Visitor: 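My structure is below; once you've seen it, I'll send some questions.
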Amino acid sequence: MLQAPKGTRDFFPDEMIWRRHLEKTWREVSIRHGFDEIEGPTFELLDLYRVKSGDEIVSELFSFEDRGGRQLALRPEFTPTLARMVVARAASLPKPTKWFAIPLHYRAERPQRGRLREFLQWNVDMIGDDSPAADSEVLGVAIDLLAELGLTRELVRVKISHRETVSKCLLRLGIPEDRLLQAFALLDRRDKMSPEDFQKAAGALGLKDDTIARFDEIARAGIAATASWGEVVRSLQVPEQDLEDLQPIHDILDKTGLAPWCEYDLGIVRGLAYYTGTVFEIRDAGGKERAVCGGGRYDRLVETFGGPPTPACGFGMGDVVLSLMLQDHRLKPEAADIMPAPDVFLISAGGDDAEALLPKLLLDLRRAGLHARRSYRATRNVGKLLKEASNTHARFAVILGQELEQGQLVVKDLTAGDQIPVDVGQVAKLVLTRLGRFSERGLDAPTSSCGM
RNA sequence: GCGACCGUAGCUCAGUUGGUUAGAGCACCUGGUUGUGGUCCAGGGGGUCGGGGGUUCGAAUCCCCUCGGUCGCCCCA
């Protein structure tokens with residue numbers, strides 16, 4: 001049998017409704033925070049990713065050549081596209097420009113827990129504002145989304161760091177400036193290494209034994225953002241002047257009320273790519289899953305792509321880890337609870353006249369704007385048919401039976417349990433009224449008003 | 001790209017030291033003959049045992065390769 005390619009997913013109705021639900025939530029949260037939706041091409045020129053990340057990234061990409069010999073790649077992330085779009089309109093964009101996107105991404109890496117080769121990632125970016133307020137506004141969107149899905153500040157940790165602050169601390173420990181990037185890489189990997197390997201690697205960077213211990217200490221310090229600034233300074237045991245970049249962030253997190261979700265962790269460096277200031281990631285408090293969200297400030301990227309100097313910050317949040325995390329905490333809704341429930345479910349319990357009427361009635365109800373379904377079973381067993389209606393979570397069942405001899409059928413409220421006979425022509429009106437969706441205009445011309 | 005473990009029905013799994021036409025529960029479909037809801041009873045469809053090759057009189061079972069999954073490494077934008 002043909003299989004779906006490695007690391008991809010088929011979205012059957014149960015999975016698709018969750019995907020749509022998640023996208024809808026992402027979209028609604030973005031919009032109420034004042035962001036506009038954008039989208040870009042699914043593939044870009046390979047050079048767009050080379051410029052930013054260097055040649056070694058190419059092996060992680062799905063790349064190909066078109067018939068004109070152009071080197072192309074499926075997008076592994078959205079930020080380069082975003083930067084390109086900013087450059088294209090740089091002169092006319094308002095400041096700040098607030099954009100979000102919900103694109104599919106592709107990465108040619110080995111699939112494992114929380115990582116697939118095709119996935120959705122919600123991107124939220126604020127362009128043209130270099131203030132810590134912008135950092136916190138973006139953080140606020142991510143946190144609001146998590147809260148919207150039922151996650152709490154006990155269940156997740158927003159870990160915040162600052163590139164400049166970390167650099168200053170490392171320099172003061174005696175790490176040469178030209179080894180800073182390597183030190184970042186070491187920080188990033190510290191949890192995957194044995195203490196011995198960590199020591200060895202730190203020694204290779206020119207650190208002495210006592211400073212290695214300090215390096216490790218700084219990397220592991222997790223400080224609640226609700227602490228006073230004085231306490232933060234004391235915990236890190238570094239000169240306050242080295243923390244000057246962190247202090248404004250601390251102030252704004254306190255003022256906006258986001259602090260209870262956040263903690264400082266100078267071990268967070270988020271890869272090596274293009275971040276320049278604040279960096280953050282959001283993880284499950286249990287530490288079981290990968291980071292669900294990562295982001296930060298990238299003040300030089302737009303310039304790198306040929307635009308004017310433009311500060312920017314943003315984050316990405318993937319659907320794979322987010323879904324796992326919600327599942328871990330039993331916060332992921334059952335498909336049946338988010339599937340659109342029919343307004344009416346038609347069942348035929350009578351003879352040929354019922355069979356003959358059903359398709360027309362079904363179409364009339366649908367044209368009146370109702371979500372109407374029917375049973376396709378052969379059985380006339382009303383009990384079984386009602387069970388089927390009930391399984392679809394339909395609000396009303398319409399039973400076409402004996403009463404047709406009097407021109408009537410039975411409308412049963414599947415939630416309340418009551419049922420009433422009604423004239424065939426009055427079904428739509430009755431159901432719409434009971435649903436609170438009845439309007440005179442819809443009644444006057446139920447079939448012509450759909451304007452087809 | 002590298003390593004470890006795994007692969008039997010749509011799902012969860014059973015299948016003796018290798019031994020006949022490979023099983024259960026759930027789900028799905030039909031019926032229980034004129035009508036009221038997650039019951040109950042009976043029946044049914046559905047599996048090249050992931051795929052290919054080998055060993056053997058005989059392979060779901062043992063060996064090799066391959067494809068996929070899971071968990072790590074690399075990477076994590």
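Keep in mind the model is a prediction, meaning the values are calculated, not measured. Sequence lines set the chain letters: A, B, ... in the order given, protein chains first and strands last, and positions in each chain run from 1. Below, each value reflects all heavy atoms present in this structure, side chains not excepted, and no hydrogens, waters or symmetry copies.
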Visitor: Could you run down nucleotides 65-72 of chain B 5' to 3' and tag each one B, S or - for protein heavy-atom contact under 4.0 Å?
Guide: --SSSBSB
Visitor: Using the C1' atom in both, what is the distance from B/rC6 to B/rA42, to the nearest Å?
Guide: 39 Å
Visitor: Verify the contact: side-chain N or O of A/R377 to OP1 or OP2 of B/rU30, cut-off strictly under 4.0 Å; return yes or no.
Guide: yes
Visitor: The side chain of A/R115 is closest to which nucleotide in this list: B/rG37, B/rA77, B/rC75?
Guide: B/rC75
Visitor: How long is the line joining CD of A/E405 and P of B/rG35, in whole Å?
Guide: 13 Å
Visitor: A/H329 and A/D284: side-chain donor and acceptor closer than 3.5 Å?
Guide: yes
Visitor: Nearest whole Å is fine: how far is B/rC75 P from A/E109 CD?
Guide: 12 Å
Visitor: Using atom CD of A/E15 as one end and atom C1' of B/rG10 as the other, report the distance to the nearest whole Å.
Guide: 12 Å
Visitor: Considering heavy-atom distances to RNA chain B, does A/N391 or A/R380 have its closest nucleotide positioned more toward the 5' end?
Guide: A/R380
Visitor: Looking only at the side chain of A/S390 (C-beta and beyond, no hydrogens), which of the listed nucleotides B/rG37, B/rC75, B/rU36 gets closest?
Guide: B/rG37
Visitor: Contact class for A/Q121 (heavy atom, under 4.0 Å): base, sugar-phosphate, or nothing?
Guide: nothing
Visitor: Between A/Y298 and A/Y274, does the ring centre distance come in under 6.0 Å?
Guide: yes
Visitor: What is the distance from CG of A/L386 to P of B/rU39, rounded to the nearest Å?
Guide: 14 Å
Visitor: For B/rA14 versus B/rG23, give the span between their C1' atoms, rounded off to a whole number of Å.
Guide: 7 Å
Visitor: Measuring from the side chain of A/K387 (C-beta onward, heavy atoms only), which nucleotide among B/rA77, B/rU36, B/rG38 has the closest atom?
Guide: B/rG38
Visitor: Is any NZ, NE, NH1 or NH2 atom of the basic residue among A/E164 and A/K168 found under 4.0 Å from an Asp or Glu carboxylate oxygen of the other?
Guide: no
Visitor: Whole-Å distance between B/rC29 C1' and A/K384 NZ?
Guide: 10 Å
Visitor: Among side-chain atoms of A/S348 and A/E355, is any donor-acceptor pair under 3.5 angstrom?
Guide: yes
Visitor: Rounded to the nearest Å, what distance is computed from the CG atom of residue A/N381 to the C1' atom of nucleotide B/rU39?
Guide: 13 Å
Visitor: Using the C1' atom in both, what is the distance from B/rC5 to B/rU16, to the nearest Å?
Guide: 25 Å
Visitor: Whole-Å distance between B/rC29 C1' and A/L385 CG?
Guide: 14 Å
Visitor: By nearest atom, which of the nucleotides B/rC76, B/rC75, B/rG35 is closest to the A/R107 side chain?
Guide: B/rC76
Visitor: Salt-bridge test for A/R434 and A/D418: reply yes if a basic N is under 4.0 Å from a carboxylate O, no otherwise.
Guide: yes
Visitor: Heavy atoms only, 4.0 Å cut-off, all strands: where does A/G383 land among base, sugar-phosphate and nothing?
Guide: sugar-phosphate
Visitor: A/G417 near the nucleic acid: base, sugar-phosphate alone, or nothing, with a heavy-atom cut-off under 4.0 Å?
Guide: base
Visitor: Taking B/rG69 as the reference, what is the distance to B/rG43 when you measure between their C1' atoms (whole Å, please)?
Guide: 36 Å
Visitor: Going by salt bridge (Lys or Arg N to Asp or Glu O under 4.0 Å), A/R115 matches just one of A/E289, A/E60, A/E109. Which one?
Guide: A/E109
Visitor: Applying a 4.0 Å non-hydrogen cut-off, can you work out what A/E388 is touching in the nucleic acid: base, sugar-phosphate, or nothing?
Guide: nothing
Visitor: Only one of A/T276, A/T278, A/D135, A/D130 passes side chain to side chain donor-acceptor pair (under 3.5 Å) with A/R297; say which it is.
Guide: A/D135
Visitor: Atom CZ of A/R75 to atom C1' of B/rC76: distance rounded to whole Å?
Guide: 18 Å
Visitor: Classify A/D413 by what it touches in the nucleic acid, base, sugar-phosphate, or nothing, heavy-atom distance under 4.0 Å.
Guide: base
Visitor: When you compare B/rC49 with B/rA24, how far apart are their C1' atoms, in angstrom units rounded to a whole number?
Guide: 16 Å
Visitor: State whether a side-chain donor-acceptor pair under 3.5 Å links A/Q121 with A/R75.
Guide: no
Visitor: So what does A/I399 hit on the nucleic acid, given a heavy-atom distance under 4.0 Å: a base, only sugar-phosphate, or nothing?
Guide: base
Visitor: If you assign each of A/Q419 and A/Y106 to its closest nucleotide in RNA chain B, which residue comes earlier from the 5' end?
Guide: A/Q419
Visitor: Using a strict 4.0 Å threshold on nitrogen-to-oxygen distance, state whether A/R157 and A/E263 make a salt bridge.
Guide: yes
Visitor: Tell me what A/T79 touches on the nucleic acid: a base, only sugar-phosphate, or nothing, going by heavy atoms under 4.0 Å.
Guide: nothing
